[in-house]
A.B. asks: 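Take this structure first; my questions come after.
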Amino acid sequence: MQAKIRALLKERNAIMLAHNYQPPEIQDLADMCGDSLELSIRAGDTDAEVIVFCGVHFMAETASIISPDKTVLLPRLDAGCLMADMIDAESLAAKKASLPPMPVVIYVNSTAEVKALSTICCTSANVVKVVNSLPEQEMLLAPDRNLAMYAASKTDKKIHVWDGYCPTHEWLTVSDVEKAKADHPEAIFMAHPECRPGVLALADEVESTSGMLRYARQSTHEAFIVGTEIGMLHPIQKQNPDKIFYPASKKMICRNMKRIGLTDVAACLENMSGQVKVPEDIRIPALSAVKRMVDLSR
Ligand code: 13P
Ligand code: SF4
């Protein structure tokens, strides 16, 4: 199957991108693995004609927003994001109307329609930088309440919070972390900013998925508790064979990130199925929010 996919990628002039939570066999075959920000930037930089995006729907949409001339394939169109489902264009428009005029910082985990109504995108890797880049003192940050509260704790700006969250990260409780720390007192605790504030208060490092990879590589510590989706254990252990990584909780599984298998990748390349294309009237305003973030992050 791996040889078949490699041949199809070549035949179609395609690149395969995978998020850090994808199943090991998908990550191992991909041309590049990364966090949401790195994958967005790579999608914009590639010369390939086809992008096979192994992740969830909003990620493939972001690739299509940035690269409208490329064919973007999501091997399983049912791979969604439960947090992205917690906001839509109608509810965001209503919220904006209820507030005084202010910028909207939109987490990349959102649909293209929602991005189109927003000022600037952010990811978990750059949220504080994005918030501080705006001249305004007050803004709405949506849809992740935990990310918004984390950003608010790192800046003196006033941040209005949307009541969305990631169920996978919300499952991690303070008592799970206390237990993991008691079991592994020598370990550094790394947490993703989608975790609850009480969990982040216990973290030695708050990082995006690729931020965790970088931190573990550069750290002189040898043991780490990983506070994010358990798919992260594969790349982090692979890149650091001499270090030890413990999941903060084995319950942290995102079903949507586990939908894509090798047969789905082969099938989408064979049939050119699973195309994700954002209509131009949505893409143009959404691109403005995405581009503003990417320009800040380069
Ligand atoms: P990263 O951008 O840190 O990879 O996170 C994406 C995501 O969906 C986290 O749940
Ligand atoms: Fe969405 Fe959470 Fe899955 Fe990330 S882990 S894709 S935020 S549901």
Side-chain angles (χ1 to χ4, degrees), residues 17-23 26-27 30 32-43 53-63 74-87 105-111 114-115 121-130 141-148 150-151 162-172 190-196 199-200 203 205-216 226-236 239 247-260 276 290 293-294 297:
L17 303 181
H19 187 265
N20 291 323
Y21 296 157
Q22 285 288 294
I26 298 288
Q27 293 197 35
M32 183 199 158
C33 299
D35 67 7
S36 313
L37 179 63
E38 292 168 335
L39 295 174
S40 300
I41 292 174
R42 184 65 194 269
F53 212 117
C54 298
V56 292
H57 196 271
F58 76 80
M59 297 180 174
E61 253 190 1
T62 307
L74 179 63
R76 285 283 298 260
L77 283 172
D78 56 349
C81 167
L82 297 176
M83 184 198 299
D85 293 344
M86 293 181 189
I87 186 168
V105 177
I106 197 75
Y107 193 25
V108 73
N109 297 37
S110 54
T111 61
V114 165
K115 289 185 177 78
C121 269
C122 74
T123 72
S124 58
N126 61 17
V127 62
V128 178
K129 193 171 176 185
V130 166
L141 203 160
D144 187 3
R145 64 183 181 210
N146 293 336
L147 186 78
Y150 169 70
W162 188 276
D163 199 20
Y165 60 92
C166 163
T168 304
H169 287 80
E170 196 75 3
W171 275 322
L172 182 64
M190 300 188 289
H192 194 278
E194 288 178 13
C195 294
R196 299 163 188 239
V199 166
L200 295 184
E205 279 296 317
V206 177
E207 298 281 357
S208 74
T209 58
S210 288
M212 289 183 188
L213 290 171
R214 255 187 310 277
Y215 182 80
V226 181
T228 193
E229 210 275 343
I230 58 166
M232 260 305 285
L233 292 193
H234 174 69
I236 210 163
Q239 290 181 22
S249 162
K250 289 186 182 153
K251 290 177 293 183
M252 296 180 78
I253 301 169
C254 174
R255 285 177 184 280
N256 283 305
M257 279 286 182
K258 308 300 178 217
R259 288 199 197 280
I260 298 172
V276 174
V290 174
M293 170 191 78
V294 170
S297 305

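Counting convention: from 1, in listed order, for ligands and their atoms alike. We're numbering straight along the sequence, starting at 1.
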A.B. asks: May I ask you to list the atoms of ligand 1 that are less than 4.0 angstrom from any heavy atom of His19?
C.D. replies: 1 (P), 4 (O), 5 (O), 6 (C)
A.B. asks: What is the closest protein heavy atom to atom 3 (Fe) of ligand 2, and at what distance does it sit?
C.D. replies: Cys254 SG, 2.4 Å
A.B. asks: Does any part of the side chain of Lys115, heavy atoms only, come nearer than 4.5 Å to the side chain of Val108, both counted from C-beta?
C.D. replies: yes
A.B. asks: Would you indicate whether the side-chain heavy atoms of Met232 and His192 approach each other to under 4.5 Å?
C.D. replies: no
A.B. asks: Just heavy atoms, cut-off under 4.0 Å: does Asn109 contact ligand 1 by side chain, backbone, both, or neither?
C.D. replies: side chain
A.B. asks: Could you tell me whether Met83 approaches ligand 1 through its side chain, its backbone, both or neither, with non-hydrogen atoms closer than 4.0 Å?
C.D. replies: neither
A.B. asks: Please determine whether a side-chain nitrogen of the Lys or Arg among Glu170 and Arg145 lies less than 4.0 Å from a carboxylate oxygen of the Asp or Glu.
C.D. replies: yes
A.B. asks: Using non-hydrogen atoms of the residue, decide whether His169 is closer than 4.0 angstrom to ligand 1.
C.D. replies: yes
A.B. asks: Considering only heavy atoms from C-beta outward, does the side chain of Leu37 approach that of Asn126 to under 4.5 Å?
C.D. replies: yes
A.B. asks: Could you give the distance from OG (Ser110) to CD (Glu61), rounded to the nearest 0.5 Å?
C.D. replies: 8.5 Å
A.B. asks: Quick one: does Glu194 get within less than 4.0 Å of ligand 2, heavy atoms only?
C.D. replies: yes
A.B. asks: Please work out whether any backbone atom (N, CA, C, O) or any side-chain heavy atom from C-beta onward of Thr209 is under 4.0 Å from ligand 1, and answer side chain, backbone, both or neither.
C.D. replies: both
A.B. asks: Quick one: look up the protein heavy atom nearest atom 2 (Fe) of ligand 2 and list residue, atom name and how far away it is.
C.D. replies: Cys166 SG, 2.3 Å
A.B. asks: Within the 4.5 Å heavy-atom criterion, are Ile236 and Met212 side-chain neighbours or not?
C.D. replies: yes
A.B. asks: Can you name the atoms of ligand 1, numbered from 1 with element, that are less than 4.0 Å from a heavy atom of Tyr21?
C.D. replies: 7 (C), 9 (C), 10 (O)
A.B. asks: Are Ser124 and Tyr150 close enough that a side-chain donor and a side-chain acceptor fall under 3.5 Å?
C.D. replies: no
A.B. asks: What residue and heavy atom of the protein are closest to atom 10 (O) of ligand 1, and at what distance?
C.D. replies: Glu194 OE1, 2.9 Å
A.B. asks: Consider only side-chain N and O atoms of Ser210 and Asn20, and report whether a donor and an acceptor are under 3.5 Å apart.
C.D. replies: yes
A.B. asks: Side chain, backbone, both or neither: which applies to Glu229 and ligand 1 if a contact is any heavy-atom pair less than 4.0 Å apart?
C.D. replies: neither
A.B. asks: Is there a side-chain contact between Ile106 and Cys121, using heavy atoms and a 4.5 Å cut-off?
C.D. replies: yes
A.B. asks: Give the residue, atom name and distance (to 0.1 Å) of the protein heavy atom nearest atom 5 (O) of ligand 1.
C.D. replies: His192 NE2, 3.3 Å
A.B. asks: Evaluate the side-chain proximity of Glu194 to Asn109: yes if any heavy-atom separation is below 4.5 Å, no if none is.
C.D. replies: yes
A.B. asks: Check this for me - ligand 1, Asp35, N or O atoms closer than 3.5 angstrom, yes or no?
C.D. replies: no
A.B. asks: Compute the shortest N/O to N/O distance between Ser124 and ligand 1 and return yes if it is under 3.5 Å, no if not.
C.D. replies: yes
A.B. asks: Can you tell me which residue and heavy atom of the protein come closest to atom 7 (S) of ligand 2, and the distance to 0.1 Å?
C.D. replies: Asn109 ND2, 3.2 Å
A.B. asks: Please report the interatomic distance SG(Cys254) to NE2(His19), rounded to the nearest 0.5 Å.
C.D. replies: 9.5 Å
A.B. asks: Which of the atoms in ligand 1, numbered in the order shown and given with their element, are less than 4.0 Å from a heavy-atom of Ser208?
C.D. replies: 3 (O)
A.B. asks: Among all protein heavy atoms in this structure, tell me which lies nearest to atom 6 (C) of ligand 1, with the distance rounded to 0.1 Å.
C.D. replies: Ser36 OG, 3.4 Å
A.B. asks: Which heavy atom of the protein is the closest neighbour of atom 8 (S) of ligand 2, given with residue, atom name and distance?
C.D. replies: Leu82 N, 3.6 Å
A.B. asks: Restricting to N/O/S atoms, is Cys81 within less than 2.8 Å of atom 2 (Fe) of ligand 2 or not?
C.D. replies: no
A.B. asks: So, do Leu39 and Phe53 sit near enough that their side-chain heavy atoms are less than 4.5 Å apart?
C.D. replies: yes
